[in-house]
Asker: 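Pasting a structure here, questions to come.
Naming: A, B, ... by sequence-line order, numbering from 1 per chain. Values below: every heavy atom of this structure, side chains too, minus hydrogens, waters and symmetry copies.
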Amino acid sequence: MSGGQYHRPHRRAWFMERPAYIRFMIREVTSFFMAAYLIVLIVTLAKVGVGEAAAAEWLQALSTTGWKVAHAVALAATVWHTITFFAAVPQAMPIYIGEDRLPAPIAKIVMGYGPWLTATAVILWGVLR
Amino acid sequence: MSRGKSGRPTRPSGEAFWWALFSAGGVMAAIFVPAFILATGFLLPSGDPAAAAEGAQRLAALAGWWPVKLVLLGVITLSLFHCAHRIRHTLMDLGMRNLAGFLKLPCYGGALAGTVWLALVLWGI
Amino acid sequence: MAETKTITLELFRYHPETDSEPRFQSYEVPYDEDWVVLDAINWIKDYVDGSVTHRWSCRMGVCGSCGMMVNGEPKLTCAAFLKNYYPFPIKVEPLVNFPVERDLVVDMEGFMDKLQDVKPYIIRDDVNDTSEGEYLQTPAELAQYKQYSMCINCMLCYSACPVVGHEDDFLGPAALALGHRYNKDSRDQGQSERLEVMLRSEAMWGCTFVGECTVVCPKHVDPAGAIQQAKAMGAQEYFKRFVMPKGAGATKGAGA
Ligand code: SF4
Ligand code: FES
């Protein structure tokens with residue numbers, strides 16, 4: 001079958017080809033863990049809706065090692081989501097001051113890490129107070 | 001779908017809508033969800049019945065306040081749609097391109113179901 | 001003794017009239033610290049095997065025609081120094097995600113079509129008479145799009161992008177960045193016409209922000225960033241059309 005163009009075979013396992021692709025896949029897969037946590041969170045809220053006794057029982061169940069490990073994995077995944085999301089902010093939302101673009105580290109703090117730390121502090125204060 | 005030459009009218013798709021939800025949800029998830037996990041996964045649960053009851057009380061007091069309800073509704077809903085969109089595109093990137101249309105149903109449908117469930121739950125608190 | 005040193009180049013070979021499958025051919029090339037991969041390929045063509053086919057022109061990273069896969073990475077071969085690979089062999093292949101015409105030469109046709117799809121020129125509703133002078137632009141307005149106008153169409157970003165590899169309808173990094181370049185130009189009025197094309201299902205939304213286009217770009221165009229901005233602009237346009245359907249007061253780009 002000569003005489004024509006050569007088409008490379010389709011690469012099914014393309015995401016294994018470069019370290020950057022593997023990093024990309026890890027970032028994407030954080031969403032599976034985040035979704036799982038969000039469902040557990042809705043369950044927690046549903047228990048609160050049922051009553052304080054049910055919620056207390058549920059919170060006791062969540063203190064087991066298995067649930068702690070699951071939450072630790074979800075936390076790691078979500079923090080990675082946060083970091084990778086903020087990394088894209090300066091590229092996706094450039095801020096210009098006249099001719100100059102706000103430097104990436106400053107943009108990340110102003111539009112990412114600043115609000116993140118503030119929200120985290122407020123939530124933890126609300127829960128612990 | 002063929003690639004049109006310049007000037008050929010083409011039909012814009014609804015992808016823009018899902019992307020907007022994905023994008024807004026990404027911001028919400030990045031800013032709020034790690035703290036949520038710290039709270040409901042580590043700070044409030046306890047093996048001690050008395051401590052767990054106190055945790056339940058705190059949580060009920062917080063979730064019963066309407067501004068918190070609004071934040072929970074906004075953050076969780078948008079984050080669900082963020083996840084739905086990303087999961088759909090990850091599956092497409094992994095080779096399920098021919099299912100691009102079908103995947104919308106379980107992904108966005110799931111997020112919608114989660115939204116309705118959450119709204120009912122918050123309504124009942 | 002520099003004269004005795006050599007380095008091995010393994011070139012991807014494919015001649016459609018005789019080959020049914022590509023093959024690799026090894027060549028020993030004199031090693032020179034100042035040589036780039038393109039110099040080595042030119043040396044092979046000049047002194048060893050005149051049938052080797054490849055594209056190049058400027059030898060200085062301006063024309064964008066010498067892009068190839070060098071040890072699996074999309075590179076301008078005129079900017080890839082042998083000394084970065086020596087003493088190991090260097091494998092040179094045509095850019096991936098494109099059909100191969102012959103040896104290291106790929107078919108650019110599909111790429112050119114995609115470039116045209118985004119209408120990469122200034123579109124005006126009202127064209128001023130020449131006597132009225134140029135359309136003026138401030139340095140701040142220039143800064144908005146300048147980075148995205150530096151593309152040399154080398155197509156390295158298309159080889160770095162997995163979505164280009166598995167989605168034919170995806171317009172790809174360089175074309176989308178170029179469309180965005182005109183959308184951000186203060187003299188342009190063709191935004192909604194261009195977004196019409198970019199809003200199609202996979203044309204732009206196929207991008208999952210892998211980001212490797214930006215990493216490999218020799219001109220720091222940052223196509224990945226441009227595409228994210230274009231998506232935000234596209235979403236705005238989408239909601240605008242939703243609220244105000246076409247025809248109702250649409251003055252821009254309505255006629256075709
Ligand atoms: S955007 Fe960069 S990598 Fe892509 S074609 Fe243009 S110059 Fe080459
Ligand atoms: S030969 Fe012109 S860019 Fe390399």
Asker: Testing the basics here: between A:G4 and C:P16, what is the closest heavy-atom pair and its distance to 0.1 Å?
Answerer: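 It is O-CB, 3.2 Å.
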Asker: When you compare the side chain of A:R27 with that of C:F209, does any pair of heavy atoms fall below 4.5 Å?
Answerer: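 Sidechains of A:R27 and C:F209: in contact.
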Asker: For C:Y145, I'd like to know if atom OH has over 12 heavy atoms of other residues, nucleotides or ligands within 6.0 Å.
Answerer: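 Atom OH in C:Y145 is packed in, count exceeds 12.
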Asker: For the interface with chain A, which of C:G165, C:A226, C:A143 has the highest count of heavy-atom pairs at distances below 4.5 Å?
Answerer: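 If we count pairs closer than 4.5 Å to chain A, C:A143 comes out on top.
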Asker: Chain A: which of C:Q228, C:H166, C:E21 shares the most heavy-atom pairs with it under 4.5 Å?
Answerer: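 Winner by heavy-atom pair count: C:H166.
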Asker: Among C:A230, C:A232, C:P94, C:G211, which residue forms the greatest number of heavy-atom pairs with chain A at distances under 4.5 Å?
Answerer: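 Sorted descending by pairs with chain A, the first entry is C:P94.
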Asker: For atom NZ of C:K231, decide whether the heavy atoms of other residues, nucleotides or ligands shown that lie under 6.0 angstrom number more than 12.
Answerer: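 Yes, the 6.0 Å shell around NZ holds more than 12 heavy atoms from other groups.
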Asker: Do A:Q5 and C:R102 meet the criterion of a side-chain donor-acceptor pair at a distance under 3.5 Å?
Answerer: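 There is no such pair between these side chains.
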Asker: Do other residues, nucleotides or ligands put more than 12 heavy atoms under 6.0 Å from the CD atom of A:E57?
Answerer: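 For A:E57, atom CD is not crowded (no more than 12 foreign heavy atoms under 6.0 Å).
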Asker: Could you tell me whether the side chain of C:T138 reaches within less than 4.5 Å of the side chain of A:E99, counting heavy atoms only?
Answerer: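 Side chain of A:E99 against side chain of C:T138, heavy atoms only: no contact under 4.5 Å found.
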Asker: Quick check for you: among A:H7, A:R11, A:R18, which has the greatest number of heavy-atom pairs under 4.5 Å with chain C?
Answerer: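 Highest number of pairs under 4.5 Å: A:R18.
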Asker: With only heavy atoms counted, which part of C:Q144 is less than 4.5 Å from chain A, the side chain, the backbone, both or neither?
Answerer: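 C:Q144 touches chain A through backbone and side-chain heavy atoms alike.
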Asker: Are side-chain heavy atoms of C:Q147 and A:R101 found at a separation under 4.5 Å?
Answerer: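 In short, these two side chains touch, coming nearer than 4.5 Å.
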Asker: Is it the case that over 12 heavy atoms from other parts of the model lie below 6.0 angstrom from the CH2 atom of A:W80?
Answerer: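 No - once you tally the heavy atoms of other residues, nucleotides and ligands closer than 6.0 Å, there are 12 at most.
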Asker: With respect to chain A, which residue among C:V215, C:I227, C:T208, C:L142 yields the maximal number of heavy-atom pairs within a distance under 4.5 Å?
Answerer: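 Result: the option with the highest number of such pairs is C:T208.
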Asker: With a cut-off of 6.0 Å (strictly less than), are more than 12 heavy atoms of other residues, nucleotides or ligands near CZ of C:F242?
Answerer: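 For C:F242, atom CZ is not crowded (no more than 12 foreign heavy atoms under 6.0 Å).
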Asker: Just so I know, are the side chains of A:Y21 and C:P162 near enough to count as touching, which here means a heavy-atom distance under 4.5 Å?
Answerer: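 Sidechains of C:P162 and A:Y21: in contact.
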Asker: Does the side chain of C:V210 reach to within under 4.5 Å of the side chain of A:R23, using non-hydrogen atoms?
Answerer: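 They are not in contact (no side-chain heavy atoms under 4.5 Å apart), so the answer is no.
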Asker: What part of A:F24 gets within 4.5 angstrom of chain C, counting heavy atoms only: side chain, backbone, both, or neither?
Answerer: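 Looking at A:F24, just its side chain touches chain C.
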Asker: Taking the side chain from C:Q229 and the backbone from A:Q91, do they hold a donor-acceptor pair closer than 3.5 Å?
Answerer: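 Yes; at least one donor-acceptor contact below 3.5 Å.
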Asker: Picking from A:M93, A:E28, A:R8, which has the most non-hydrogen pairs under 4.5 angstrom with chain C?
Answerer: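 Top option by heavy-atom pairs under 4.5 Å: A:R8.
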